[in-house]
Amino acid sequence: MRQRFDSRAIFAAVAAVVVVLAVVVIATGLYYFNTITGLVVQADSIMPNDQAEGAAIVGVTARMVIIVVGATLLAVGAIAALLVYRSRRELQGERYVQSIYQAIGENIDTAIFIVDGADRVVEAVFENVQDILGVPATKFFVMDGLSSNEAYAKVAAIVHSGASDERREWEFQCFNAAFGRDMWLRVTSCPVMLGGDEKIIYSLTDVTGEHDIRQRLLDSVAAAEEANHAKSNFLASMSHDIRTPMNAILGFSTLIDRDADNPQAVREYNRKIATSGQHLLGLINDVLDMSKIESGKTTLASAQFNLGETVASVDAMMRPQTNAKHQTFTVEMAGVTHEALMGDEGRLRQILMNVLSNAMKYTPDGGSILFRIDGSLKRRGSLQHLRIIVRDTGIGMSQEYLDTIFDSFSREESSLTNKIQGTGLGMAITKNLVDLMGGTITVESELGAGSTFIIDLDFPPAEEEAAARAVDAAASRAVDADAALGGKHFLVAEDNDLNAEIIAAILDIHGASCEVAENGRAAVEKFAASEPGAFDVIFMDVQMPVMNGHEAARAIRALDRPDAQTIPIIAMTANAFAEDEREALAAGMNAHVAKPIDLAVLARTVASLTSR
């Protein structure tokens, strides 16, 4: 703490000593003056010898001088002793007070100023003001009105201004040149009485952190309100998209009852129900995907895959849709050194399908779509770089919408787009997946002139042996369901009666049989009670009462019987994310098949596990 030196007490003591000295000198002078005067008068009256009279006068004068000089020296000595004593006391007191203030200043985040209430003089300043403002405490004893440090200038102006007799508070933002940044400061003043004198105590606190937290909270609230508004708009605009396929499913189900005797009509109705169901499933998957992404639970799998096969499968899914709209769909792949790659093929396919589906939906009949993969551009180390380009001649997008295209629940509203079904989540999901893969996605578009999406991704090449396995696996994807399922006996753990009925019917159609267990514990008990080899495969639901699928799989693997470790257990569940598959495998299952059941996937999975 820096403190202004107060010498008023010392001045008073010195003045007292001087007065005493003056009194002594005057009294002594008067006494000897009277003595000398009396000697002179006496000498004149008795007419003594001149020499004797002079000696007497000189003697008296000498004694007077000695007394005066002695009194003076005594006074000077007293003053000197007083000054030394006072100086030592003040030094000790100052050191003590300084140690107290220093301890306080080092342990609080507030700087203190003490100002005399009468003359507005700054008497003391805590040293920690330098930590807050970057200027030393001594700067505040004299006001520097020309300082370039805005923070210091504002605080000094308040401290020197002379606050009112009431408590006051200032809070302001300013630029601190010493630190090179903006900051928020809070100054409070409080009048007090110290030792009978009126003082004003100012406190200075850096509240930049509080304002930052407050601003982040405000931003979070604003973002939450904006997100809620976007979700509300999304649900309102999506209602039509959900009801459309639901209307088709329910409507064609009614028509099937009416035309049950017309096989051709029933097959056509069933085809349309399946199409509507696939579209509804796509809407549900988008919402669930976005929910996973927003909660931070989306993860990537890593397995070998063949890029050429991935492109071929995307082509096979997209071409019937583009042909239906008489669109020219061009697929190109060039400059790819490594087609066998390591990564999450499912998420890559999802990215490609999202972008291509958008291009197909927003390109009018007769338009064109280019899907190109270029592997000749820059690479990072041994990674295979892929530049994916999707260019269409569709309706394009406005510049305003381009700024929000990757936001959740965003769709450009126009007379054309309102007729196109979708959740407004596809591009947000795509952007998040690309970011998760460490890539980038950009878009260029102009209303009426089409759009171009450019995605850059890097994948590590698969080893040669793994690449060969990937090619073999791709070549064996087509499996005959009758051959894969026929003649086998399955144990089905399924708590939903409708789902159990569906899987039992599918197995029966393809020459297989099954026993149904209504929960995980029942499945364990049925398997434990059966003869070894009685069941060829177990289909295990995950979310079941009494005992879930993961617990049931672990219990079966723990049984003391020869086939407990070898029987294939396939998770057949609506938990369809990559992390769900990993949890199923960790519980001892061999594979994962998501609901709704895809017969081709089911047959391929059973064939791969029973042909070993």
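From a predicted model like this one, the values you see are computed outputs, not experimental measurements.
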Does Leu585 reach the side chain of His592, with side-chain heavy atoms less than 4.5 Å apart?
no
Which of Leu352, Thr322, Thr330, Asp392 passes side chain to side chain contact (heavy atoms under 4.5 Å, CB included) with Phe371? It is Leu352
Shortest non-hydrogen pair, Phe535 vs Lys526, comes out as CE1-O, 4.1 Å
Taken to the nearest 0.5 Å, the spacing of Leu341 CG from Leu386 CG works out to 6.0 Å
*Determine whether more than 12 heavy atoms belonging to other residues, nucleotides or ligands lie under 6.0 Å from atom CG of Asp365.*
yes
- Item | Neighbour count >12 (heavy atoms, 6.0 Å) for atom CD, Glu444 | no
Value for CG (Asp458) from OG1 (Thr440), rounded to nearest 0.5 Å, stands at 9.0 Å
**Request:** Flag yes if more than 12 heavy atoms outside Glu501 fall under 6.0 Å of its CD atom; otherwise flag no.
**Result:** no
List the steps and the verdict of side-chain contact (heavy atoms from CB on, under 4.5 Å) for Phe527 and Arg561. CA-CA 10 Å; Phe527 180 77; Arg561 52 182 289 165; 3.7 Å; yes
Practice problem: Decide if atom CG of Asp261 counts as having more than 12 heavy atoms of other residues, nucleotides or ligands within a radius under 6.0 Å. | Solution: no
Looking only at heavy atoms, the pair that brings Ala607 and Ala484 closest together is CB-CB, 4.0 Å
Considering only distance and modelled atom types, tabulate donor-acceptor pairs under 3.5 Å from the side chains of residues 505-513, sequence neighbours left out.
unit_1	atom_1	unit_2	atom_2	d
His510	ND1	Asp482	OD1	2.6
Ser513	OG	His489	ND1	2.8

Looking only at heavy atoms, the pair that brings Cys514 and Val492 closest together is CB-CG2, 3.9 Å
Using a strict cut-off of less than 4.0 Å between a Lys/Arg side-chain nitrogen and an Asp/Glu carboxylate oxygen, indicate whether Glu551 and Arg554 qualify as a salt bridge.
-> no
- prompt: Between Arg267 and Gln264, does a side chain to side chain donor-acceptor pair (under 3.5 Å) hold up when you go through it step by step?
  reply: CA-CA 5 Å; Arg267 279 192 290 271; Gln264 184 175 356; over 6 Å; no
Of all heavy-atom pairs linking Thr363 and Lys325, the shortest is O-NZ, 3.0 Å
All heavy atoms of Ala462 vs all of Gln304, minimum pair found to be CB-CB, 4.1 Å
The test is side-chain contact (heavy atoms from CB on, under 4.5 Å); show your working for Ile503 and Phe490 and say whether it passes.
CA-CA 10 Å; Ile503 187 62; Phe490 294 84; over 6 Å; no
#### Entry: Stepwise side-chain contact (heavy atoms from CB on, under 4.5 Å) check, Ile256 with Ile273
CA-CA 10 Å; Ile256 286 176; Ile273 288 175; 3.7 Å; yes
Correct closest heavy-atom pair for Val390 and Ile369 would be CG1-CG2, 4.5 Å
*Run the salt-bridge test on Arg521 and Glu525 with the 4.0 Å N-O cut-off and return the result as yes or no.*
no
For Gln543, does the CD atom have more than 12 heavy-atom neighbours from other residues, nucleotides or ligands under 6.0 Å away? no
As a quick check of understanding, evaluate side-chain contact (heavy atoms from CB on, under 4.5 Å) for Arg216 and Ile213, giving each step before the final call. CA-CA 5 Å; Arg216 284 197 294 270; Ile213 293 173; 3.4 Å; yes
Between the OG1 atom in Thr393 and the CG atom in Leu370, the distance rounded to the nearest 0.5 Å is 10.5 Å
Between Ser445 and Ser451, is any side-chain donor less than 3.5 angstrom from a side-chain acceptor?
-> yes
To the nearest 0.5 Å, atom CE of Met572 lies from atom CG of Asn499 at 10.0 Å
